[in-house]
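Heads up: the structure comes next, in structure tokens.
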Amino acid sequence: MIDPFGRAINYLRVSVTDRCDFRCVYCMPEHMTFLPKADVLSLEELDRLCGAFIRKGVRKLRLTGGEPLVRRDVMKLFRSLGRRLDSGELDELTLTTNGSQLGRYAGELADCGVRRVNVSVDTLDPDRFRQITRWGDLGKVLAAIGEAQKAGLKIKINVVALRGVNEHELPTLVQWAHDRGMDMTLIETMPMGDVDADRTEQYLPLSLVKAELAKHFTMDSSPERTGGPARYVRVRETGGRLGFITPLTHNFCESCNRVRLTCTGMLYMCLGQEDSADLRAVLRSSGDDAVLDAAIDEAIARKPKGHDFIIDRRHNRPAVARQMSLTGG
Ligand code: SAM
Ligand code: SF4
């Protein structure tokens with residue numbers, strides 16, 4: 001699939017549920033209203049849609065959410081998609097998780113062909129972890145990371161940088177992750193969806209974080225790009241890799257290779273734009289794969305050039321009304 005700006009689209013991120021067992025302050029309000037079950041695609045529908053994207057040239061799939069591992073029977077989907085790794089139709093199957101259920105599923109995920117998992121850990125302080133996630137148990141997540149490593153999964157830690165919350169802990173987090181052979185990616189908060197907290201209070205530009213980290217570490221810039229919004233450095237003292245996802249302060253759209261599917265079958269061609277294609281309607285109206293493939297082609301032809309995220313004192317409102325848990329991070 002080639003979009004109107006000549007970018008090859010070979011990466012699909014799929015949100016398999018909008019539900020979650022955490023309520024991270026930057027992601028959801030505490031009393032979150034979830035979608036009615038009938039609106040959410042069944043696992044069979046998700047599998048059929050993923051199959052269509054794979055036919056169209058997607059080589060890398062990431063399952064996310066909400067929390068993908070709280071979806072009942074989600075392993076059936078992993079199993080089915082894992083067979084596409086075996087057949088060579090797919091290069092990589094990964095997931096992003098909060099880690100709460102990872103201990104339980106690590107072995108099975110490895111068995112399905114998953115090799116790399118992103119786990120979100122914003123702090124190593126149990127009380128602060130509870131404050132950020134509202135409902136999370138840090139001890140359980142850390143134990144799960146150990147289980148996953150034992151099962152042979154390569155872990156990358158995602159950290160959302162939050163002003164005055166985990167700001168001063170970031171060098172410790174880098175050292176901790178790298179000491180355990182895990183890469184780490186720092187993420188700037190993105191203005192998506194209404195949450196209870198004040199965004200301008202939370203927002204911490206990664207340019208400041210990088211300047212602070214430079215007092216602790218020597219960061220050698222690395223040419224590695226993944227087609228996504230992350231830029232990487234290699235930390236000389238630890239030998240580990242550190243990524244920076246700065247959607248607000250950098251423009252990364254020129255190399256964008258991805259589209260995102262929500263758990264209701266809406267395809268978002270850009271994380272920062274409202275335009276979407278309703279693939280659930282197509283899926284439920286016809287069993288004909290040719291119709292589905294044509295709908296995907298039509299959507300990719302509308303992929304925009306870039307996003308318009310803005311966060312500042314004058315624009316303290318979500319740039320995009322939907323939550324990250326719907327589109328998937
Ligand atoms: N529940 C899983 C998790 O937390 O890893 C997967 C879904 S979560 C939406 C994916 C990633 O998006 C997480 O690393 C999370 O920290 C990040 N995220 C959520 N809301 C965000 C926001 N408003 N700005 C920046 N990152 C956000
Ligand atoms: Fe759940 Fe992930 Fe959102 Fe936290 S960031 S509330 S773990 S979906």
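Just so it is clear, the values below take in all heavy atoms, side chains as well, and ignore hydrogens, waters and symmetry mates. Atoms within a ligand are numbered from 1 in the order they appear, just like the ligands themselves.
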Quiz prompt | Lys/Arg N to Asp/Glu carboxylate O, Arg55 vs Glu89, below 4.0 Å | solution = no

Self-check item: Sidechain N-carboxylate O distance under 4.0 Å for Lys150, Glu147
Solution: yes

Exercise. Would you mind listing which atoms of ligand 1 come within a distance below 4.0 Å of any non-hydrogen atom of Thr97?
Key: 2 (C), 3 (C), 5 (O)

Practice problem: Record the part of Val160 in heavy-atom contact with ligand 1 below 4.0 Å; permitted values are side chain, backbone, both and neither. | Solution: side chain

Quiz item: Just which atoms of ligand 1 are under 4.0 Å from any heavy atom in Thr64?
Solution: 6 (C), 7 (C)

Practice problem: List for me each residue that meets side chain to side chain donor-acceptor pair (under 3.5 Å) alongside Ser100, sequence neighbours excluded, and say none if there are none. | Solution: Asp21, Asn98

Quiz prompt | Modelled atom types, side-chain donor and acceptor of Gln202 and Thr189, under 3.5 Å | solution = no

Quiz item: Would you say the side chains of Arg13 and Tyr11 form a donor-acceptor pair under 3.5 Å?
Solution: yes

Quiz item: Got a sec: does the CZ of Arg116 have more than 12 other heavy atoms crowding it under 6.0 Å?
Solution: no

Quiz item: Should the pair Arg302-Glu298 be classified as a salt bridge under the 4.0 Å nitrogen-to-oxygen rule?
Solution: yes

Quiz prompt | For Phe22, atoms of ligand 2 separated by under 4.0 Å from a heavy atom | solution = 6 (S), 7 (S)

Exercise. Answer yes when Lys303 and Asp275 have at least one side-chain N-carboxylate O distance shorter than 4.0 Å, and no when they do not.
Key: no

Quiz item: Ile187 heavy atoms, cut-off 4.0 Å: which ligand 1 atoms fall inside?
Solution: 14 (O), 25 (C), 26 (N)

Quiz item: Looking at Gly66, which atoms of ligand 1 are within less than 4.0 Å of one of its heavy atoms?
Solution: 1 (N), 2 (C), 6 (C), 7 (C)

Quiz item: For Asp220, which residues count as a side chain to side chain donor-acceptor pair (under 3.5 Å) partner, sequence neighbours excluded?
Solution: Arg236

Quiz item: So between Cys20, Gly136, Ser15, Cys27, whose heavy atom ends up nearest atom 3 (Fe) of ligand 2?
Solution: Cys27

Quiz item: Counting each atom of ligand 1 from 1 as listed, which ones have a heavy atom of Gly65 under 4.0 Å away?
Solution: 7 (C), 9 (C)

Quiz prompt | Atoms in ligand 1 flagged as close to Ser120, the criterion being non-hydrogen separation under 4.0 Å | solution = 3 (C), 4 (O), 5 (O), 13 (C), 14 (O)

Quiz item: Which atoms from ligand 2 have a heavy atom of Cys24 less than 4.0 Å away?
Solution: 4 (Fe), 5 (S), 6 (S), 7 (S)

Quiz item: Looking at ligand 1, does any of its N/O atoms fall within less than 3.5 Å of an N/O of Asp122?
Solution: no

Quiz item: For ligand 1, is any non-hydrogen atom under 4.0 Å from Val119's backbone (N, CA, C, O), its side chain (CB onward), both, or neither?
Solution: neither

Exercise. Would you check, one step at a time, whether the test side-chain contact (heavy atoms from CB on, under 4.5 Å) holds for Arg258 with Tyr268?
Key: CA-CA 10 Å; Arg258 60 200 59 194; Tyr268 283 91; over 6 Å; no

Quiz prompt | Element-labelled atoms of ligand 1 that are located less than 4.0 Å from some non-hydrogen atom of Glu67 | solution = 1 (N), 2 (C)

Self-check item: ligand 2 contacted by Gly66 (non-hydrogen, < 4.0 Å)
Solution: yes

Quiz item: In terms of atom number and element, which parts of ligand 1 are under 4.0 angstrom from non-hydrogen atoms of Thr189?
Solution: 24 (N), 25 (C)

